[in-house]
Amino acid sequence: MAKGIYVSATTPGSGKSLVALGLADTLHRHADRIGFFKPVVHGPDAAADPMVALMKSRFALEDERCRGGLTHEEVRTLLAEGNRAEIDARCVEIFADISRHCDVVIVEGTDLVGQDSAVEFDLNARLANNLAAPIVAVVGAKGRTVAEAAAAVEVARKELAAERCSLLAIMVNRADPADLDAIAAAVKPGASKRPVYILPELEAIARPTTGEVAAALGVRQIAGRPDMERDVKDIKVAAMNVGNFLNVLDEGALVIVPGDRADVMVACLAASFSPEFPVASALILTGGLAPDANIYPLLAQAPFPVFAAREDTYTTARRVSEVRSEIWSGHRRKVASALGLWSRRVDETELVERLHLPRAERMTPLRFLHDLIERARSQRRHVVLPEGTDVRILRAAEILHRRDVCDLTVLGPESEVRELAAARGIDLSGINIVDPATSDLRQKFAEKYAELRAHKGVDLPKALEIMQDVSYFGTMMVQLGVVDGMVSGAAHTTAHTIRPALEFVKTREGVKIVSSVFLMLMPDRVLVYGDCAVNPDPNVEQLADIALASAETAAQFGVEPRVAMLSYSTGGSGSGEAVDAVRQATELVRQRRPDLAVEGPIQYDAAVDASIAESKMPGSSVAGQATVFIFPDLNTGNNTYKAVQQSSGAVAVGPVLQGLRKPVNDLSRGCTVEDIVNTVAITAIQAQAPAS
């Protein structure tokens, strides 16, 4: 049976879901198959629990590995009947079903928010024992002094010991950020002498979103952008004239106003289009009053949602103030903030050591992408994003900052970038914004560019003009070490993105060509395909260069390089100009890297299928188990990676540029926010390698 880990609140409002999420993120990188079980859910349908839904979507868990148990009403009924054994039996049965498909199962206990919290504590302790699951105890510190938080830790230890529970770890959550060190000093070490982790209250998680407010109040959207992820940073009731109201309006405030106050609605809308005024997170029009018909076309242009409520202004304001934010709402910005906090405050290596998990054998796509974030975070680097007027770039930057992946600089006119971010509810605090046209660095960069390109007739005035281009400015930031890498291409062509790098970053020593690979994330392994994006028809030396660079990239991302030089013929079975070129390139690779496992020419089937390899190329260390595939030309490579992606469901990450002295990577103009996040993480990892 799989190992279970029981996440149990020991005080009401502990924020244990954050711990369950962080624990799942950690374990997903260290176990082949994780599962999630919530024995008691509060809704009417155990299968529709939002935390179960979040875990399913976040970690790609099938129904058999992620389930709810009993509803809260079912548990109350069974407890009232004195039938605790039925609760235990049903939970143990469901846990056993999940365990058959998992190596480790995270069990999230009840919330301790009812009047019978003592009964719930006893229920959690008994379930943990019946599931043979050690407990991660979560102590809520919100509203507690340092002494009270430390005392709550000691009480949790004693009560769990009295219940004969196995205590894996204690975490103090939702602490006042100013009290972190004091709480850590006040908490007594337990018998294991292992650390007690202290996590602060984080406003980015605690603040509700517009979607959470709308769901809690049951209001309907009548106008504006349907953006349900905007943070509600404050609540403003518009009960004064417009001039005074605008004076107190704050960025991200939810404005509650009677539905007949057209003046306030127009003022909020006008403020959202002016860089001098804050932008509301949403409007709620109260009293069941419909705005004047002439106002609707204006409200339709609002960059925030506009809701209508039947209740009066006072009642609506009171209900909004009572809305609690929950991580399980699934908003990716909250999840990013939670995982960033977890990574900063929890020593994952130390925590995993306590579990004695079997070594993970499979590399799934999700695990690989999670590993990218963790590796990027391990040696912090600084990445520049030149396309600051693209909303996808700004959303990705916010998520990267919340997850604490790397330092970021965004290029673009600062007022325009901030206005776009405010209009879309994107928080850019902590992210550096630089306008190439006004930056103090422009003169220095122009002088350097004029020096490097003097042989091409570039003088200082021309260089100053060129340095207003975000691609050139960003690339010069990389070249001169102001930042460590660059990611661009969401709004620019590949040529525009990499041309500056080819002009003055240049290729690494011994490399004659810039090339690319795609990291192909198969269901159980990662393969490397090159070159599928840059070089149309490489010659023999260039093909060898691509193979060597691709092998280095593979190793950098944890893939043991076994290189297959692909052709339409395997071994000596065929001849022709194309086959001979692959054969010569293979020999060049062997001469330059005698230690590298390489085979060629070889057909794709012989490279991946062990049985075919046995008949076509027996005894080869590459045939049947290749991990790096070098295509003879761009036509073959580009079509093959897309065919594999579409037919097998593989996730293609890239293109990852290789061969440059410093990392510059290109995005597809159709890229998603997730694509940008992954590419920035890849760039940060590339920047961790010693420069050559």
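Basis for what follows: all heavy atoms, side chains included, without hydrogens, waters or symmetry-related copies.
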Ala169 backbone acceptor or donor facing Arg194 side chain under 3.5 Å: no
State whether Asp675 and Arg392 are salt-bridged, where the test is any N-O pair (Lys NZ or Arg NE/NH1/NH2 against Asp/Glu carboxylate O) under 4.0 Å. no
Check whether the side chains of Asp666 and Thr494 place a donor and an acceptor atom closer than 3.5 Å, and report yes or no. yes
Pro538 vs Ile546 side-chain heavy atoms within contact, under 4.5 Å: yes
For Ala606 and Thr570, which heavy atoms make the closest approach, and how far apart are they? CB-OG1, 4.1 Å
Output side-chain donor-acceptor pairs under 3.5 Å for residues 479-492, partner residues at least two apart or in another chain, one line each.
residue: Asp484; atom: OD2; partner: His382; partner atom: N; Å: 2.8
residue: Ser488; atom: OG; partner: Glu387; partner atom: OE2; Å: 3.4
residue: His492; atom: ND1; partner: Glu387; partner atom: OE2; Å: 2.7

By salt bridge (Lys or Arg N to Asp or Glu O under 4.0 Å) - contacts of Glu64 (at least two apart): none
So does Glu62 pair up with Arg65, basic N to acidic O under 4.0 Å? yes
So, does Arg508 use its side chain to make a donor-acceptor pair with the main chain of Arg661 at under 3.5 Å? no
If I compare all heavy atoms of Ile5 with all of Leu168, which pair ends up nearest, and what's the gap? CG2-CD2, 4.0 Å
Give the minimum heavy-atom separation between Gln645 and Ala652, together with the two atoms involved. NE2-CB, 3.6 Å
What do the steps show when you test Glu503 against Lys456 for salt bridge (charged side-chain N to carboxylate O under 4.0 Å, His left out), and what is the final call? CA-CA 10 Å; Glu503 286 185 8; Lys456 293 291 186 179; over 6 Å; no
For a 4.5 angstrom cut-off between non-hydrogen side-chain atoms, does Phe473 reach Met477? yes
With sequence neighbours excluded, residues passing side chain to side chain contact (heavy atoms under 4.5 Å, CB included) with Glu577: none
Keeping the roles fixed (side chain from Asp407, backbone from Asn432), state whether a donor-acceptor pair exists under 3.5 Å. no
For Arg669, what residues pass the salt bridge (Lys or Arg N to Asp or Glu O under 4.0 Å) criterion, not counting sequence neighbours? none
Decide, yes or no, whether a salt bridge links Arg583 with Glu587 under the criterion of side-chain N to carboxylate O below 4.0 Å. no
Thr627: side chain to side chain donor-acceptor pair (under 3.5 Å) partners, not counting sequence neighbours: none
Contact between Leu657 and Ile498 at the side-chain level, heavy atoms closer than 4.5 Å - yes or no? yes
Can you tell me if Thr679 uses its side chain to pair, donor with acceptor, with the backbone of Ile676 under 3.5 Å? no
Under 3.5 Å donor-acceptor, Glu599 side chain and Val622 backbone: no
Could you note down all residue pairs passing ring pair (Phe, Tyr, Trp, His ring centres under 6.0 Å) where residues 577-605 supplies at least one of them, sequence neighbours left out? Tyr604-Phe629
What residues form a side chain to side chain donor-acceptor pair (under 3.5 Å) with Lys56, not counting sequence neighbours? Asp63
Can you name the salt bridge (Lys or Arg N to Asp or Glu O under 4.0 Å) partners of Asp545, sequence neighbours left out? Arg592
Give a yes-or-no answer on whether the side chains of Gln603 and Lys616 include a donor-acceptor pair shorter than 3.5 Å. yes
Once you round to the nearest 0.5 Å, how far does CD of Glu541 lie from CD of Gln584? 10.5 Å
4.5 Å side-chain heavy-atom contact, Asp580 and Val540: no
Ala643 backbone acceptor or donor facing Gln646 side chain under 3.5 Å: no
Does any donor atom in the side chain of Tyr6 or Glu108 lie under 3.5 Å from an acceptor atom in the other side chain? no
Looking at side-chain heavy atoms only, is the closest gap between Val628 and Arg562 below 4.5 Å? no
Could you tell me if the side chain of Tyr529 sits less than 4.5 Å from the side chain of Val517, heavy atoms only? no
Is a side-chain N or O of Asp609 found less than 3.5 angstrom from the main chain of Asp605, in a donor-acceptor match? no
Hey, does Phe36 have a side-chain heavy atom less than 4.5 Å from the side chain of Phe59? no
Side chain to side chain contact (heavy atoms under 4.5 Å, CB included) with Glu374: which residues, sequence neighbours excluded? Arg29, Glu348, Arg377
State, without any angle test, whether Asp531 and Ser515 hold a side-chain donor-acceptor pair at a distance under 3.5 Å. no
When you measure from the side chain of Glu398 to the backbone N and O of Leu394, does any donor-acceptor pair fall under 3.5 Å? no
pair Leu596-Pro561: side-chain heavy atoms closer than 4.5 Å: yes
Is a donor from one side chain sitting under 3.5 angstrom from an acceptor on the other, for His496 and Asp469? yes
Would you say the side-chain atoms of Arg33 pair up with the backbone N or O of Val104, donor to acceptor, closer than 3.5 Å? no
Which residue pairs pass the ring pair (Phe, Tyr, Trp, His ring centres under 6.0 Å) test when at least one of the two sits in residues 640-682, sequence neighbours left out? Phe518-Tyr641
Is Ser615 reaching over with its side chain to a backbone N or O of Ile612, donor-acceptor style, under 3.5 angstrom? yes
Give a yes-or-no answer on whether the side chains of Thr683 and Asn665 include a donor-acceptor pair shorter than 3.5 Å. yes
The side chain to side chain contact (heavy atoms under 4.5 Å, CB included) partners of Asn639 (sequence neighbours excluded) come to Asn635
Name all residues meeting the side chain to side chain contact (heavy atoms under 4.5 Å, CB included) criterion together with Thr636; count only those two or more places apart in sequence or in a different chain, and write none if there are none. Phe631, Pro632, Asp633, Thr640
Is Arg354 salt-bridged to Glu350, cutoff N-O under 4.0 Å? yes
